[in-house]
Each structure stands twice: as C-alpha cells, then as structure tokens.
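Down below is the structure, laid out as structure tokens.
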Amino acid sequence: MASLAFSSGIGRSISSSNAMVSDKYEGRREGFSLGKSTFARKRDPRDSMVTKVATQAPTMIPSLEKELAGDRNHVAWTSVRQERFEGELAVQGEIPLWLSGTYLRNGPGMWHIGDYNFRHLFDGYATLVRLHFENGRLIAGHRQIESEAYKAAKKNNKLCYREFSEVPKPDNFLSYIGELANLFSGASLTDNANTGVVKLGDGRVVCLTETQKGSIVVDPNTLDTLGKFEYSDSLGGLIHSAHPIVTDTEFLTLLPDLFKPGYLVVRMEPGSNERKVIGRVDCRGGPAPGWVHSFPVTEHYVIVPEMPLRYCAQNLLKAEPTPLYKFEWHPDSKGFMHVMCKASGKIVESVEVPLFVTFHFINAYEEKDEDGRMTAIIADCCEHNADTTILEKLRLQNLRSFMGEDVLPDARVGRFIIPLDGSPYGKLEAALDPEEHGKGMDMCSINPAYLGKKYRYAYACGAQRPCNFPNTLTKIDLLEKKAKNWHEEGAVPSEPFFVARPGATEEDDGVVISMISEKNGDGYALLLDGSTFEEIARAKFPYGLPYGLHGCWVPKK
C-alpha cells in the first residue's frame, strides 16, 4: 500500500472561526471563564505548532486514490484517509489544565472495500479516534479496529460478513445456502464494532455494535485491538443493545429474544465476563421484539422500551436491503414501556404509549410527590415523531447529495411519562419546543453524575435548517425549556460529550467535546464551555475525519 504524508497546515497557527453561539462570545487570549472558575496560562509557542506528526508512516487504504480524485463529497461522508495517525495538534484558545484524560470516539469511518462502496452510514468499518488532554495540550490519533470482518475484507478485497445493510455476494447457489446456514448460527454476522465504546468498571475499554460477537477490547492509549470480549455465560443470542448502561459498579444491557418475543435484562459485575439475568420482559404486541438500540435506567428501575419498529427475520434474510433494513414498522402492534425493578427483576408497570421511533434515550428518573412518594417514571429520548424514514435518510447517497433542500425529518426531546398507579396508559410529549433546537435532535450526552436521577441539562446535535443531517451542537435546558446552539456554516459535528470538572457542584460545570468535519475537507476538535456553551478551544486535524458516532471518557489515573 502506498504511504501518504501530510505537511500542509502542520506547524501553522489555526485561523479564527466564524462559529456562532446563541449568546455572542468575546474571546479572551490570556484566560477564559469555565463554569464558576477561571483558567489562565501564558501563551506557549507550542499552541501554534505540531511537535509530532505520526508514530509511523501512514498507510493509504485500498482504492482510495480513485475516491479522492473523483469524490468531492463532504469529508464527513468520505472514508478515512489513512488507517492510523498520531500527533500533537496545534491549539487555538485554552484547554483547561484540569482536563486530564482521554476522549475516545468510535464510528464507521471506512465505507468501501476494493471498488465496492457501502450504502448506509451504519455499514462502515470502525475507526477509533483518540483525543488525549494533559497540561493544556492535545495529542490526537486514530486507528481502524481490527475486527475479523475488517481483516477479512482487507485480505480478500471484498465484503465477507453481513453488515447493517450489506450482504456478501455468493459465488453460486450452494454458497448462498451455506451463507444462510451461517446466518442462523451467527457465523456470517459482522463483528465490526463500529457503534460505541465504553470503559468498564475494571478499566477495560470495549468497542461495541449490536451483534454480541462485535464486542472488542482495545487499548485506550495505543488504540491497539487486543481481542474479542468473550462472554463467559450461556445466555446465547445473536444481538444485544448497542448502548449498555455502564458505571463503575455495573454493566446493564438488554438481549432481545427473536424466537419468543421479549427481552432479557442482564447485569455484569466489574472484572467479570459473565452476564446474569435480572428478569425477562415479554412483548405485548407484534411478531418480534422492537429495536432496542438503547434504553434508560433510574436509580431503582430498568426501563425496557417496546418500539413498534420491530426486528424482521424475513428482511434479514434478503440479499438486498428493504427501506427499513432488518426491521418492519408495525403500528397496529402499538408501543409500550415496561418498568422492571433492578433488585427483584419484577415488572412493576407496563403501559401503552403513543407510537414512537428513537435510536437514543437521554436519561430517566423517578418523579416523586411532596411527600416523597414515587408517582411516575420520566424517560427522555431523541424522538423522531414516529417517522421511520430517518433510517432511509441515513443512506450515504442521501447524505452525499445534499442540494440545499430541507430534507432532515423532524425530531424532538420526547418525554415519556409512565404512571406508577396502575394506569394502563403513559404519555409521550415534547419536553420543550422543538423549534428551540431546529427540530433536530440526536446523539446526546449528560453529566454522568446525573445518570438515572433528576437532571436539567442535556447536550445533543440539533439542526439549523435547511439541512439533511444534524449540523448544530445544542445545550438543552429542561427546566427553562430553552436551548443554546453552536453552528458553523458547512460543518458536521459529532456527538457532544460532556466531561465534568473535578469537584464541580453545578450540573453543567465542565466542558463539551465534539469533533467537527468541515465542508472544505478539513476538521478539528472543539471544546465548548459546558455552562455558557461558548467556544474555548479548537485544534485542527492534519486532515478531516469522517463523521463518528459515540464516545467515552477515560480519566488519567
């Protein structure tokens, strides 16, 4: 493979931006306000130059020369330019000295193999990006996750495993029959861990996707792929929630049962690979369980959503994708929310709710009356107005062919209200006016100290219309029902990730990290003040990175 070195822009200061925030920010060169504290440090020459470019000669991915020559798409939807990179980035602004640790972001970063181009955002081979903050400096890096699917594709120069919408092309009828047998056994399902990354309570870092086999342990410092995360129990199954609930004390996830429609709620202790069943939820409607990409928890309960967008075995068997891929929309089966006690595994409530479509839950908490008695569960999510077309809008062809028309389906902060008085029905309403965040809402994070508790702030991606994809970072204030929005023309920001300042007493005292892909092909890491939502620092990458999905924070030991 050809090597590719980058020199343009490295060692130069980064130009100022034309970014906008809701409340105009006047930059300060010798210090900045962050929450209730002020940080300042002397301007260092290192702020405007890169001292280290790469750990080794970067490697060009297969057939990329052709793509770079003929593809003028937004860099967010273009395959990563090289398999790995590491170097210190020039910083414009001030990184707070307390920010010490590593932000990891996972996502699909390579959307072709050989001459074959993938079709959907969720299909790409996983690219893990690292931002290491220490003493006001930033060292960045990225590397492809070496799943079996990725290694086989590189070796054979073709697709070898079933991805989200892609199926390997059989050589003949007999190989097609054999591939179907491998599908039922799980052998042909991908282990391409391109969705999320979590730090377990014992310190291990695991990249995840919706197939159980796609759980891969990585080194957060080198980004090396260390091997499969092998579950030591006998629970079986092929899929699980791509977004487990992970804290220092436990790992909770859902295992959909496709044969006897329902979900197992399981827990795993730190240091263990064994999942233990808390309880089971049987589906109340439909031929199969609803998609459970994520789910929320409170202090005492696991909330199991039953979405009418349900898994479909027939669609999974098809060689060409349907508009809803491996799912089917069953509005007649209705939508439900189930509340399970963490301690006993008993279902304490199961209510019908209005039809909904969501990928990502934000948070949930227990509502109490003036006497301290629990009256309801509040569960918030990024809800797409029960509109399943959001899946089709994430086709790469749609993302790459934006012509200025407003085609992004509307979304809102959907708030489920689940009564605990035995009522058969729950509510679903907007937690604030969707116009506050441009009727776009996805890719959310909160202060992790408020997980499962009553909270006020959430950080997500919103929209400045017209657009075909969320293009704004937004801070949601659920008490005041207002939003502050950051937007830069032509930029596509990834998930805003909140990191709390050590010792902070205010919920929003910290920083928000996002990675920005620019229309001109460049990109940078962005830091916003978690309180004011004003830009405090940015650091330019040597080249633009494609869009990524979800991340985690690994504090320095």
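The shown structure was predicted, so the numbers you read here are calculated from the model rather than taken from an experiment. The residues of the chain are indexed from 1 along the displayed sequence. We use all heavy atoms of the structure for the numbers below, so side chains are in, but hydrogens, waters and symmetry mates are not.
Side-chain contact between Ile362 and Ile446 is present, with at least one heavy-atom pair separated by less than 4.5 Å. Ile245 is listed as a side-chain neighbour of Leu451, based on a closest heavy-atom distance under 4.5 Å. Inter-residue side-chain proximity for Asp123 and Pro108 is flagged as unmet; no heavy-atom pair is nearer than 4.5 Å. Ser79 has its side chain out of reach of Pro546: every pair of non-hydrogen atoms, C-beta onward, lies at least 4.5 Å apart.
Side-chain atoms of His550 and Asn106 include no donor-acceptor pair closer than 3.5 Å. A donor-acceptor contact under 3.5 angstrom links the side chains of Glu163 and Asn192, judged on distance only. Side-chain atoms of Gln92 and Tyr524 form no donor-acceptor pair, as typed in the model, at a separation below 3.5 Å. With hydrogens and angles left out, the side-chain atoms of Thr472 and Thr474 include no donor and acceptor closer than 3.5 Å. No donor-acceptor contact under 3.5 angstrom links the side chains of Thr127 and His142, judged on distance only. For the residue pair Gln82 and Arg143, no side-chain donor N or O sits within less than 3.5 Å of a side-chain acceptor on the partner. Checked by atom type, the side-chain pair His293/Glu210 shows a donor-acceptor distance below 3.5 Å. When only modelled atom types and interatomic distance are considered, Glu83 and Tyr150 share a side-chain donor-acceptor pair under 3.5 Å.
Of all the heavy atoms in Phe229 and Leu200, the pair that sits closest is CE1-CD1, 3.7 Å. The minimum heavy-atom distance linking His240 with Tyr231 is given by the pair CE1-OH, 3.6 Å. In this structure, Ser494 and Leu473 approach most closely via the heavy-atom pair O-CD2, 3.7 Å. Nearest heavy atoms, Gly452 versus Asn363: N-OD1, 2.9 Å. Smallest separation of non-hydrogen atoms from His437 and Gly440: ND1-O, 2.7 Å. Contact detail for Thr298 and Lys342: the closest heavy-atom pair is O-NZ, 3.0 Å.
Taking a cutoff of 4.0 Å between a charged side-chain nitrogen and a carboxylate oxygen, Glu134 and Arg137 do not qualify as a salt bridge. The existence of a salt bridge linking Lys213 and Asp191 is excluded, since no basic side-chain nitrogen approaches an acidic carboxylate oxygen closer than 4.0 Å. Ion pairing between Lys155 and Glu148 fails under the 4.0 Å rule for side-chain N and carboxylate O. Ion pairing of Arg412 with Glu383 is present here, as a side-chain N (NZ or NE/NH1/NH2) and a carboxylate O approach within less than 4.0 Å.
Side chain of Glu507 to backbone of Asn447: no donor-acceptor contact under 3.5 angstrom is found. Distance alone, capped at 3.5 Å, places no donor-acceptor pair between the Ser294 side chain and the His243 backbone. Side-chain atoms of Thr211 come within 3.5 Å of backbone N or O of Thr190 as a donor-acceptor pair.
Taking Phe469 as the reference, Trp77, Tyr547 meet the ring-ring contact (aromatic ring centres under 6.0 Å, His included) condition, with sequence neighbours excluded. With sequence neighbours excluded, the residues forming a side-chain contact (heavy atoms from CB on, under 4.5 Å) with Glu480 are Arg456, Asp477, Lys482, listed by chain and number. Considering only residues two or more places apart in sequence or on other chains, Tyr301 meets the ring-ring contact (aromatic ring centres under 6.0 Å, His included) condition with none of them. Taking Phe361 as the reference, nothing meets the ring-ring contact (aromatic ring centres under 6.0 Å, His included) condition, with sequence neighbours excluded. With sequence neighbours excluded, the residues forming a salt bridge (Lys or Arg N to Asp or Glu O under 4.0 Å) with Asp380 are Arg415, listed by chain and number. Residues that satisfy the ring-ring contact (aromatic ring centres under 6.0 Å, His included) test with His120, not counting sequence neighbours, are Phe122, Phe164, Tyr325.
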Would you sort out whether Glu146 and Lys151 count as a salt bridge (Lys or Arg N to Asp or Glu O under 4.0 Å), showing the intermediate values? CA-CA 6 Å; Glu146 296 182 342; Lys151 291 189 292 185; 5.7 Å; no

One pair to check against ring-ring contact (aromatic ring centres under 6.0 Å, His included): Tyr457 and Tyr450. What are the steps and the verdict? CA-CA 10 Å; Tyr457 300 110; Tyr450 289 79; 8.8 Å; no

